[in-house]
Amino acid sequence: MSGHSKWNNIQGRKNAQDAKRGKIFQKISREIYMAAKAGGPDPSINPALRLMVDKAKSADMPNDNVDRAIKKATSAGEGEHYDEITYEGYGPGGVAILVHTLTDNRNRTATNVRVAFTRNGGNLGETGTVNYMFDRKGYIAIEREGLTVDEDTMFEDVLEAGAEDMEILPEVFEIYTAPEDFVSVRDQLEADGFTLAQAELTMVPQTTVQLEADQQEKLDRLVEKLEDDDDVSEVYTSAE
């Protein structure tokens with residue numbers, strides 16, 4: 001994972017996302033709805049729903065919003081239907097980009113994603129264009145401020161919890177897990193007394209691209225445009 005700090009990317013976009021909190025809640029509600037529709041309304045026996053509920057909590061989404069989405073999914077009738085579609089392409093400087101969407105209108109979403117790429121220095125590719133450049137991983141960040149544990153001990157604790165790797169940054173410990181181990185590692189670290197600043201399933205690039213300042217600005221605009229779309233759930237890039 002060396003060379004890629006997901007934490008820096010998270011912090012860099014946090015203020016912009018805070019300003020769009022209502023839209024974020026709407027997207028998470030849709031994901032909760034889909035998880036509950038597929039696996040039932042009980043997070044204790046529906047792992048996908050539990051992850052979405054945890055995501056809602058991390059975003060400070062009100063419990064009422066969560067409950068409404070679950071109730072809507074489990075009420076009588078067919079309800080709404082959403083398709084999960086991933087778009088792949090390249091951004092400024094040759095950065096690989098994955099766009100995960102959840103949509104009830106494939107044509108609308110495809111058009112909006114294509115326009116966002118075209119108008120912001122990107123090129124939308126075919127399925128399989130860049131997906132192989134990313135690995136599905138569990139990601140956990142623990143801020144170092146206030147911690148009394150040293151780096152070696154922290155690394156031992158992380159491995160004992162079942163994680164695959166840990167990156168050491170000045171501000172945080174970045175912990176990576178296999179997707180299937182994410183929940184157990186997260187729960188174990190919390191049981192060990194650690195406060196998690198971030199915990200999610202994500203896509204991690206196998207290699208990263210370093211951009212010039214103007215290229216980074218163009219990429220930021222492209223990612224922002226994609227994230228503004230109601231149908232877009234997540235955007236991943238291979239930028240450092």
Side-chain angles (χ1 to χ4, degrees), residues 6-85 99-105 108-109 112 138-143 145-146 171-172 174-175 177 179 182-203 223-236:
K6 185 171 177 62
W7 180 252
N8 289 338
N9 293 337
I10 290 170
Q11 294 302 102
R13 283 153 51 190
K14 185 176 186 303
N15 290 338
Q17 289 179 338
D18 284 347
K20 305 170 185 176
R21 190 167 297 274
K23 181 167 288 190
I24 292 172
F25 289 171
Q26 180 184 23
K27 293 183 179 185
I28 295 175
S29 291
R30 189 180 298 183
E31 293 174 321
I32 290 172
Y33 172 90
M34 285 292 290
K37 193 79 173 175
D42 187 352
S44 67
I45 58 175
N46 182 347
L49 179 58
R50 182 184 172 189
L51 285 173
M52 290 304 101
V53 171
D54 288 344
K55 182 177 181 179
K57 290 179 180 178
S58 296
D60 294 326
M61 183 171 163
N63 290 333
D64 287 347
N65 295 41
V66 175
D67 293 340
R68 277 198 300 271
I70 294 175
K71 184 176 180 180
K72 184 177 181 181
T74 54
S75 60
E78 287 297 318
E80 301 168 356
H81 175 74
Y82 297 100
D83 293 314
E84 294 181 87
I85 306 170
V99 184
H100 288 180
T101 68
L102 196 59
T103 178
D104 59 355
N105 187 321
R108 177 191 65 220
T109 305
N112 290 346
Y139 172 81
I140 298 168
I142 298 177
E143 292 184 276
E145 184 177 359
E171 304 90 356
V172 297
E174 292 191 313
I175 300 154
T177 80
F182 168 69
V183 172
S184 62
V185 173
R186 180 197 63 188
D187 292 351
Q188 183 59 55
L189 290 173
E190 288 184 326
D192 289 342
F194 293 108
T195 299
L196 312 185
Q198 192 82 11
E200 63 184 6
L201 284 172
T202 188
M203 300 297 289
V223 171
E224 182 178 5
K225 184 65 177 178
L226 289 167
E227 290 181 337
D228 277 345
D229 192 292
D230 290 342
D231 298 333
V232 173
S233 302
E234 302 286 350
V235 179
Y236 305 103

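When atom types are taken as modelled, the side chain of Lys37 and the backbone of His81 share no donor-acceptor pair closer than 3.5 angstrom.
With a 6.0 Å radius and a threshold of 12 heavy atoms from other residues, nucleotides or ligands, Glu84 has its CD atom at or below the threshold. Shown here is Lys55, whose NZ atom has more than 12 heavy atoms of other residues, nucleotides or ligands within 6.0 Å.
Across Leu102 and Met34, no two heavy atoms sit closer than the pair CD2-CG, 3.8 Å. Between Tyr236 and Thr202, the shortest heavy-atom distance links the atoms CE2-OG1, 3.1 Å. Ala59 and Ile24 get closest at one heavy-atom pair: CB-CG2, 4.5 Å. Closest non-hydrogen pair, Leu226 versus Val99, comes out as CD1-CG2, 3.8 Å. Taking both residues in full, the closest heavy atoms of Val66 and Ala56 are given as CG2-CB, 3.8 Å, listed atom of the first, atom of the second, then distance. Closest approach of Phe182 to Glu200, counting heavy atoms only: CZ-N, 3.3 Å.
Under the side-chain hydrogen bond (donor to acceptor under 3.5 Å, both in side chains) test applied with Thr109, the options Thr101, Asp231, Asp83 reduce to a single match, Asp231.
At least one side-chain heavy atom of Met61 sits under 4.5 Å from a side-chain heavy atom of Ser29. For the pair His100 and Met203, the minimum side-chain heavy-atom distance is below 4.5 Å. Counting only heavy atoms from C-beta outward, the side chains of Gln198 and Val172 never approach each other to under 4.5 Å. In this structure, Ile70 and Leu49 have side chains that are in contact, with non-hydrogen atoms separated by less than 4.5 Å.
In this structure, CD in Glu190 is found 9.0 Å from CD1 in Ile142, a value given to the nearest 0.5 Å. In this structure, OG1 in Thr177 is found 13.5 Å from CD in Gln188, a value given to the nearest 0.5 Å. In this structure, OH in Tyr139 is found 13.5 Å from CG in Leu201, a value given to the nearest 0.5 Å. Taking CZ of Arg68 as the reference point, atom CG of Asn63 lies at 11.0 Å (rounded to 0.5 Å). With values rounded to the nearest 0.5 angstrom, Asp60 atom CG is found 6.5 Å from Phe25 atom CZ. Once rounded to the nearest 0.5 Å, the distance linking NZ of Lys225 with CG of Asn112 reads 8.0 Å.
Checked for salt-bridge contact, Lys23 and Asp230 meet the test: a charged N lies under 4.0 Å from a carboxylate O.
The side chain to side chain contact (heavy atoms under 4.5 Å, CB included) test applied to Ala48 returns Ala35, Asn46, not counting sequence neighbours. Evaluation of the salt bridge (charged side-chain N to carboxylate O under 4.0 Å, His left out) rule for Asp104 yields Arg108 as partners, not counting sequence neighbours.
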